[in-house]
Amino acid sequence: MKLTILGGGGFRVPLVYGALLGDRGEGRVTEVVLHDLDAGRLTAVTRVLAEQASQAEDAPVVTATTDLDEALRGADFVFSAIRVGGLEGRANDERVALAEGVLGQETVGAGGIAYGLRTVPVAVDIARRVARLAPDAWVINFTNPAGLVTEAMSRHLGDRVIGICDSPVGLGRRIARVLGADPREAWIDYVGLNHLGWVRGLRVAGRDELPRLLADPELLGSFEEGKLFGVDWLQSLGAIPNEYLHYYYFNREAVRAYQQAEKTRGAFLHDQQARFYDEVGAPGAKALDVWDRTRAEREATYMSENRETAGAGERDADDLSGGYEKVALALMRAIARDERTTLILNVRNQSTLSVLDNDAVIEVPCLVDANGAHPVTVAPLPDHATGLVCAVKAVEREVLAAAGSGSRETAVKAFALHPLVDSVNVARRLVEGYREVHPGLAYLR
């Protein structure tokens, strides 16, 4: 099979390739095509992959190209992990928002809206090209904001585009681990939008073990989310939120922490990855060693401002291994080989959540087989979660409308309606601020 990776010069591509190296049997990926607009980044990542391949037998053949159409032709799967505007764009998203006293995180709040407005037109163009050049391909979207971008692409690809995220996987794994259960044998009752979901139950051998966790303060406070949100708040909710809900539940503290930080997350990653690409390009560099060292630093500092605000301390060693590449591989295997499995994915709602229409992309457990991903029926969300999900989905729809029409006023509406943007005047200044720093938003008029 041929796998095309869009954003093939991206830092996390070796995670995907490493997962492929461990895959054996019929229907495995034998050809990987990396596509990126930056030839230098493609060269650097190709070197890392070559060192990975040298340690494995029968490794998938890797080629690289800056020609998108060439990359897509004949693809069986397309993995999209692009970053429109690069890390400089992410840093600008953060800076403009924080100057207005609101959150600039890349998927949440003002920063997520700005990133979505830049990314949706590009993602739609990709979807149209896939439909034309590789109509039988399955698209796995990891491009953020993942739910929003998946919904934009689904309007052209239907259910052949599926969004993935490692956050629900990591959350379920941590809960199972603290309960002494095998994550592979646990059913995780998770529902919401991307980066806006809750675990409401974790069943092992038919028994829901989550009440036992919620009733034990010591156990509940022993893992990442317990430390991040606090035992009392989790017990009040009666559920375990996705870590990104910290930006909602502790918004003022998060904004203040980001304003006081020496560097924003985007600025930190921009500088870190610039060093990585420079080091890998140096004569005699051991590319894989450089990548491993950089990745460890990246994972250890993830959401560090939030953890500092909550007094959560350092991340546990078990949480530094990522996971989205495993989801991607499991998804490809299930479809290509009809190996039926259950995964938490971003898919069209159909009739899963009655408060949203059928085309709204949500994040829920899905049964996956050769025909794709099928959302599992879930119980309704409580009112507080329903309100948040509906409000954020309404914002996503305004982003899609603005990206489609080029309307500046619709973009203002998207910002103004977000729960973490508290003023129409702030929304107007955000739109103008983002248009000044992002050439990719010049279409808003």
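Every heavy atom of this structure was used, including side-chain atoms; hydrogens, water molecules and symmetry mates were not. Everything numeric in this text was worked out from a predicted model, so none of it was measured.
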Counting distance only, does the side-chain N/O of [X] pair as donor-acceptor with the main-chain N or O of [Y] below 3.5 Å?
X	Y	value
T150	G147	no
E363	G192	no
Y17	P60	yes
N242	G197	no
S80	L6	no

Looking at R12 and E325, does any basic side-chain N land under 4.0 Å from a carboxylate oxygen? no
Using a strict cut-off of less than 4.0 Å between a Lys/Arg side-chain nitrogen and an Asp/Glu carboxylate oxygen, indicate whether E151 and K393 qualify as a salt bridge. yes
For residues 93-100, dump all side-chain donor-acceptor pairs below 3.5 Å to protein atoms at least two apart in sequence or in another chain.
{"from": "D93", "atom 1": "OD1", "to": "R118", "atom 2": "NH1", "distance (Å)": "2.8"}
{"from": "D93", "atom 1": "OD1", "to": "H438", "atom 2": "NE2", "distance (Å)": "2.7"}
{"from": "D93", "atom 1": "OD2", "to": "R118", "atom 2": "NH1", "distance (Å)": "3.0"}
{"from": "D93", "atom 1": "OD2", "to": "R118", "atom 2": "NH2", "distance (Å)": "3.2"}
{"from": "E94", "atom 1": "OE1", "to": "T264", "atom 2": "OG1", "distance (Å)": "2.4"}
{"from": "E94", "atom 1": "OE1", "to": "G266", "atom 2": "N", "distance (Å)": "2.9"}
{"from": "E94", "atom 1": "OE2", "to": "G266", "atom 2": "N", "distance (Å)": "2.9"}
{"from": "R95", "atom 1": "NH2", "to": "N92", "atom 2": "OD1", "distance (Å)": "3.1"}
{"from": "E100", "atom 1": "OE1", "to": "R429", "atom 2": "NE", "distance (Å)": "3.1"}
{"from": "E100", "atom 1": "OE1", "to": "R429", "atom 2": "NH2", "distance (Å)": "3.1"}
{"from": "E100", "atom 1": "OE2", "to": "R429", "atom 2": "NE", "distance (Å)": "3.1"}

Tell me whether the rings of [X] and [Y] are parallel (<30°), tilted (30 to 60°) or perpendicular (>60°).
X	Y	answer
Y258	Y247	tilted
F276	F11	perpendicular
F79	F142	parallel

Show me the donor-acceptor pairs, under 3.5 Å and distance only, between side chains in residues 105-114 and residues at least two apart or in other chains.
{"from": "Q105", "atom 1": "OE1", "to": "T107", "atom 2": "N", "distance (Å)": "2.7"}
{"from": "Q105", "atom 1": "OE1", "to": "T107", "atom 2": "OG1", "distance (Å)": "2.9"}
{"from": "Q105", "atom 1": "OE1", "to": "V108", "atom 2": "N", "distance (Å)": "3.1"}
{"from": "E106", "atom 1": "OE1", "to": "R83", "atom 2": "NH1", "distance (Å)": "3.0"}
{"from": "E106", "atom 1": "OE1", "to": "R83", "atom 2": "NH2", "distance (Å)": "3.0"}
{"from": "E106", "atom 1": "OE2", "to": "R90", "atom 2": "NH1", "distance (Å)": "3.4"}
{"from": "T107", "atom 1": "OG1", "to": "H195", "atom 2": "ND1", "distance (Å)": "2.8"}

Just wondering, are more than 12 heavy atoms of other shown residues or ligands nearer than 6.0 Å to NZ in K413? no
What verdict does the salt bridge (Lys or Arg N to Asp or Glu O under 4.0 Å) test give for D159 and R348, after you've listed the backbone C-alpha separation in whole Å, the side-chain angles of each residue and the deciding distance to 0.1 Å? CA-CA 7 Å; D159 294 326; R348 292 200 288 188; 2.9 Å; yes
